[in-house]
Amino acid sequence: MSDTGRDALLQRLRETRHVPVLIVGGGINGMGTFRDLALQGVDCLLVERGDFCSGTSRAPSRMIHGGLKYLETGDFRLVRESAEERNRLLRNAAHYVHPLEMIIPIYSWTAGILPALRRFLRRPAKLTERGAAVIKLGLTLYDIYGRLNRVMPRHRMIRREDALREIPDLDPRIRIAASYYDAWITSPERLVVELALDGMEANPASMALNHVCFDGIESGRARLRDAMTGEIFLVGCDLMINAAGPWIDRVNAAAGEEGRMIGGTKGSHLLLDLPVFARSLEGRMMYFEAEGGRICLVSNFMGHVLLGSTDIPTEDPDGVVCTDEEVDYLLDAFRRIFPKVAVTRDHIFFSYAGVRPLPAQDASDPGAISRDHSMPVRPATQGRGFPILSLVGGKWTTFRSFSAGVTDAALSCLGRERRRTTEELAIGGGTGLSQGTGDAEALLSELAATGLSRGRAARLLACYGSRARLIANAFKGPETFLTHLPEVSHEELAFIARHEVVHSAQDVLFGRGALFLERPLPRAALSELVRALAGILDWDAARIAREEESLVERYRRHHRIGFDAEGMPQFI
């Protein structure tokens, strides 16, 4: 295994004067491109000003979907691409991406036909309600676009009586319901990290570094700064890829390129502690209309309720947070569809928000802005001897195909040929796994043979896929588990901290798994995590205090979670 500790990568950066490709931004599109280029033998340097997957890519509805709603705007190419890429992710990332049944409650038989037709013809129309006729037609088309490499059932319509029997809390005023299949992802954070590790494994000359900022151009080279220490690095390149998401315009401005490419919208989500209701969903996601026709989602996410999302234009991607108005909007939408479930702010144990990097448009309806992607190029200038290729738009589901297009453009710029494709290439811990149970059962038995209990082996398998082998083989004896985070052992943390480009406790808790969403975490758990990492990474007392305060401040500032006198989390 190559040395992918952050300190070792920083030392290599100090010795680097030039790379063929510099990628700015470590979200899903930047990292997908990093891996693809590394697979082609291209030496790449990726820098991310925060942790990997710390911006938009960490704030999705955790859906991997074919884009049913894009049929309304006639984005047929995007729907086809999304459906095909969803099916590929079900195969290539089977450890994190799983089939998901979607239920659409329907209140009318004919509503929305005329507005849907106008939007389909690319004419302005406000679609505030979709009836059974519109939804049936859309799902039929959706099945057609998802037929390539079909891995899931076709849609079906559900009688009102059957829908209410299956989901008793559902609003009894519905006329009918529809069922179709998409997919969901348990840990987008880890998938992005595994893309980085895959890339560095495929081409050891490539590096992906977090907490390194692009500060502009100096002496014709990119000026990079370690956000932790302020250390400066000057690195030349033949091509710069701007994958900064909502911050694309700012990165381009720092490189001397003015202009507006991004017009983002904010999406906020809530995690609700409603375990009984979550179980009643039985693994299904509700896909329903809120007031005004905006689509909302409710799903059982690891035993709790994930509720989202909003779609609000924003000019400032920094420090976005779920506002009181958004909380009220989401809870009201939930109460409309589930009037029997008593839900209040007291049930919220986590919230998050992100900005979708949509192309700049002056649209009155943010939901009508295309989710398609593009890659405009700015040519080299006298003061900057390399072109900049910007990744505008895109969505989680289509990152692989977007990255492949960017890689092909980069290879053309460099005068090189593609060596291999990524269409059928497993990602990280998805290697050797499939949606069937046979591969997982075999790996579970293999892990249990190392001395792990089957329960512990199952946990590692769920968290890391086939990479669980590496972690289990690193254990030199019995594991010692944390008291307030009994799901995690000191030995597991040691492996993550030393081999997955970790700098801080935030990197571990929010960027190397989904533990922060699995349940409400008391302050004692945060303190214990910091002290466990301190023993691994040799932090002194001052660093321990800063790390703990940083976690508490993140909970408060970004997720609106404070801690009471007993250290228990509460929404503020």
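Computation of the quantities below employed the complete heavy-atom set of this structure, encompassing side-chain atoms and omitting hydrogens, waters and symmetry-equivalent molecules.
- No close placement of the His559 and Tyr352 rings is indicated, their centers lying 6.0 Å or farther apart.
- For the 3.5 Å distance criterion, the side chains of Arg378 and Asn252 fail to qualify, holding no donor opposite an acceptor.
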Can you give the donor-acceptor pairs under 3.5 Å from side chains of residues 17-29 to other protein atoms, not counting sequence neighbours?
from	atom 1	to	atom 2	distance (Å)
Arg17	NH1	Arg14	O	3.0
His18	NE2	Asp238	OD1	3.2

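- Using a cut-off of 4.0 Å between Lys/Arg side-chain N and Asp/Glu carboxylate O, Arg12 and Asp7 are scored as not salt-bridged.
- Of the possible donor and acceptor atoms, one in the side chain of Asp249 sits under 3.5 Å from a partner among the backbone N and O of Ile262.
- Using a cut-off of 4.0 Å between Lys/Arg side-chain N and Asp/Glu carboxylate O, Asp143 and Arg154 are scored as not salt-bridged.
- Under the 3.5 Å distance criterion, with hydrogens and angles disregarded, a donor-acceptor pair is assigned to the side chains of Gln506 and Ser550.
- If you check the side chains of Ser504 and Arg6, you find no donor sitting under 3.5 Å from an acceptor.
- With respect to Glu500 and Arg190, a salt bridge is recorded, a charged nitrogen being found less than 4.0 Å from a carboxylate O.
- Distance check: Leu89 CG to His65 NE2 gives 12.0 Å after rounding to the nearest 0.5 Å.
- The only member of Tyr287, Tyr180, Tyr181 that meets ring pair (Phe, Tyr, Trp, His ring centres under 6.0 Å) when paired with Tyr142 is Tyr180.
- Applying the ring pair (Phe, Tyr, Trp, His ring centres under 6.0 Å) test to every pair with at least one member in residues 200-242, sequence neighbours left out, gives these pairs: His211-His503.
- Using modelled atom types and a 3.5 Å distance limit, the side chains of Ser54 and Asp51 yield no donor-acceptor pair.
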Original post:
Hey, mind stepping through Asp36 and Arg400 against salt bridge (Lys or Arg N to Asp or Glu O under 4.0 Å) and telling me if it holds?
Top reply: CA-CA 9 Å; Asp36 201 343; Arg400 189 216 60 84; 5.8 Å; no
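- The closest donor-acceptor contact from the side chain of His304 to the backbone of Glu518 lies under 3.5 Å.
- Under 4.0 Å is where a charged nitrogen must lie from a carboxylate oxygen, and between Lys266 and Asp316 no such pair does.
- Ser206 and Asp43 form no side-chain donor-acceptor contact under 3.5 Å, judged by distance and modelled atom types alone.
- We find that Arg469 and Glu446 are joined by a salt bridge, their nearest charged nitrogen and carboxylate oxygen being less than 4.0 Å apart.
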